[in-house]
Amino acid sequence: MTSTPLDFRSDTVTRPSKRMRAAMAEAEVDDNVIGTDPTIAKLEERVAGVLGMPAALWTPSGTMANLIALSVHLQRGDRFLATRGAHVLTNELGSAAWLAGGMPDILEHDAGPGRPTPDLLRASIGNPGPYFTLRTTLLCLENTHNAAGGAVTPPEEHAQLVAVAKEGGLKVHLDGARIWHASVALGVPPAALTAGVDSVSACFSKGLGAPVGSVVAGSAEFVERARRMRQMLGGGVRQGGVLAAACLVALDNVDDLVETHEQARRLAGGLAEHGWGVETPDTNIVLAAVPDLQVALEWLGSLGIQALPMAGKVRFVLHRDLEPTAVEDALQRIKAAA
């Protein structure tokens, strides 16, 4: 067993930096349920601007942020569309159906990893039928798409999908948990990737180093309704500025993602040289196809390399807390043990 573990499980395993901990300790706070915490208010105003939305609401998690959006947009029994493997379908324990009351349906990735073509979306929306047929009212997009290996959707393709959804009378929610990664990879501001959506969620703990926290953003009217839904779900916090302070520091870390994307490409290239089934990643997630997933994970574990399964493959995620030599160390261990 190698003594030093290399943790590629997720970009959520990071620890708050000294600067972040200091900001949390010194945060100005009040009661956010009452609506008077100044640090949460500062974060919500700043991130709304970054995302190009009129208003934003802090939430304890990305799953809650998505659930709030779906609960606001859907009526019980409404059909909603989401891409295969989307987080709202596979990683949120059925809350979209159980709590938000939506009827999910899958869009295949026929335009590339993580995204459908406009034609497929148009056909999936269909035409309104009589009152006793399913009513499709919402499209859920995801950028980057986790299960597709952190794949990005470029602004022009995003705009086409939003336009088709609007033509069909649908609202659009964007799961932008890793929208920061998509922004850096594409060289565009995050607001370029939210154009036309009715709501967007974004996470501060996926790659940016915050210990907890997400937002859901939209119109002022949407956020007013979202605030009530957050309270129903138990997401109202009191002196939440302690956590929001970490999220403000996390926003300053977006440019650092360039390095994790480069590390991911180096890891993918090295794994390919050793015969692993990988493709060049768009961002910080590397998916590797292996003959036996469980055997591969156990073998990596024996080398001190921690990874997790995703979409039937081994998922390696690069993040800010890995040592600069982590990729080379992992490849050397794999080579030596092969």
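A distance of 6.0 Å or more separates the ring centres of His145 and His87.
Formation of a donor-acceptor pair under 3.5 Å by the Asn284 side chain with backbone atoms of Val317 is not found in this model. Under a 3.5 Å cut-off, the side chain of Asp37 and the backbone N or O of Asp30 do form a donor-acceptor pair.
No option in Ile179, Thr260, Val254 other than Val254 meets the side-chain contact (heavy atoms from CB on, under 4.5 Å) test with Val184. When each of Arg84, Arg135, Arg79 is checked for a salt bridge (Lys or Arg N to Asp or Glu O under 4.0 Å) with Asp105, only Arg79 meets the rule.
Contact of the Thr59 side chain with the Val215 side chain is not registered, since no non-hydrogen atoms from C-beta on lie closer than 4.5 Å. In this structure the side chain of Thr194 never reaches within 4.5 angstrom of the side chain of His158, judged on heavy atoms. In this structure, the side chains of Asp11 and His181 come closer than 4.5 Å at one or more pairs of heavy atoms. In this structure, the side chains of Thr283 and Arg178 stay at 4.5 Å or more apart for every pair of heavy atoms. Between Leu161 and Pro116, some side-chain heavy-atom pair lies under the 4.5 Å cut-off. Within the 4.5 Å cutoff, the side chain of Leu193 has heavy atoms near those of the Pro155 side chain. Using a 4.5 Å heavy-atom threshold, the side chains of Leu121 and Leu139 count as touching. With a 4.5 Å cut-off on side-chain heavy atoms, Val162 and Leu174 do not count as touching.
A distance of 9.5 Å separates CD in Gln160 from CZ in Arg122, rounded to the nearest 0.5 Å. Once rounded to the nearest 0.5 Å, the distance linking CG of Leu243 with CE of Met24 reads 5.5 Å. Taken from CD1 in Ile68 to NE2 in His73, the straight-line distance is 11.0 Å, to the nearest 0.5 Å.
The number of heavy atoms from other shown groups lying within 6.0 Å of CD (Glu323) does not exceed 12. Within 6.0 Å of CG in Asn127 there are 12 or fewer heavy atoms belonging to other residues, nucleotides or ligands. Atom CG of Leu93 has 12 or fewer heavy atoms from other residues, nucleotides or ligands within 6.0 Å. By the neighbour-count criterion of 12 heavy atoms within 6.0 Å, atom NZ of Lys335 is sparsely surrounded, having that number or fewer from other residues, nucleotides or ligands.
Put simply, Leu208 and Met20 are part of the same group of oily side chains (I, L, V, M, F, W, Y) that touch within less than 4.5 Å, one to the next. A continuous path of hydrophobic side-chain contacts links Val188 to Val152 [ILVMFWY only; heavy atoms under 4.5 Å]. Grouping the Ile, Leu, Val, Met, Phe, Trp and Tyr side chains by contacts below 4.5 angstrom, directly or via other members, places Leu57 apart from Phe204. Leu287 and Leu331 fall into different hydrophobic clusters, where Ile, Leu, Val, Met, Phe, Trp and Tyr are joined by side-chain heavy atoms under 4.5 Å apart, directly or via other members. No continuous path of hydrophobic side-chain contacts links Leu170 to Met103 [ILVMFWY only; heavy atoms under 4.5 Å].
Considering every non-hydrogen atom in both Cys140 and Leu70, the closest pair reads SG-CD1, 3.8 Å. Asn143 and Ala151 make their closest contact through OD1-O, 3.9 Å (heavy atoms, listed as atom of the first residue, atom of the second, distance). Summarising the geometry of Ala69 relative to Ser199, their closest heavy-atom pair is CB-OG, 3.7 Å, with the distance given to 0.1 Å.
Salt-bridge formation is detected for the pair Arg266/Glu328: a Lys NZ or Arg NE/NH1/NH2 atom is positioned less than 4.0 Å from an Asp or Glu carboxylate oxygen. Between Asp252 and Arg46 a salt bridge is recorded (basic side-chain N to carboxylate O distance below 4.0 Å). Taking a cutoff of 4.0 Å between a charged side-chain nitrogen and a carboxylate oxygen, Glu28 and Lys42 do not qualify as a salt bridge. A salt bridge is defined here as a Lys NZ or Arg NE, NH1 or NH2 lying under 4.0 Å from an Asp or Glu carboxylate O, and Arg265 with Glu262 meets this definition.
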Q: Test Leu43 against Trp58 for side-chain contact (heavy atoms from CB on, under 4.5 Å), laying out the working first.
A: CA-CA 8 Å; Leu43 171 68; Trp58 183 91; 3.5 Å; yes
Q | Asn32/Arg238 under side-chain contact (heavy atoms from CB on, under 4.5 Å): CA gap, chis, key distance, verdict | A | CA-CA 5 Å; Asn32 186 54; Arg238 299 298 178 176; over 6 Å; no
Q. Checking side-chain contact (heavy atoms from CB on, under 4.5 Å) for the pair Ser219/Glu224: CA distance, chi angles, key distance, verdict?
A. CA-CA 9 Å; Ser219 68; Glu224 182 178 359; over 6 Å; no
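Aromatic ring pairs are classed by plane angle as parallel below 30°, tilted from 30° to 60° and perpendicular above 60°; the pair Phe316 and Phe8 is perpendicular.
In the model, Arg315 has a side-chain atom that pairs as donor or acceptor with a side-chain atom of Asn146 under 3.5 Å. Side chains of Asn66 and Glu92: a donor-acceptor N/O pair is present below 3.5 angstrom, by distance only. The closest side-chain donor-acceptor pair between Thr117 and Asp110 falls under 3.5 angstrom. If you check the side chains of Asp78 and Thr137, you find a donor sitting under 3.5 Å from an acceptor.
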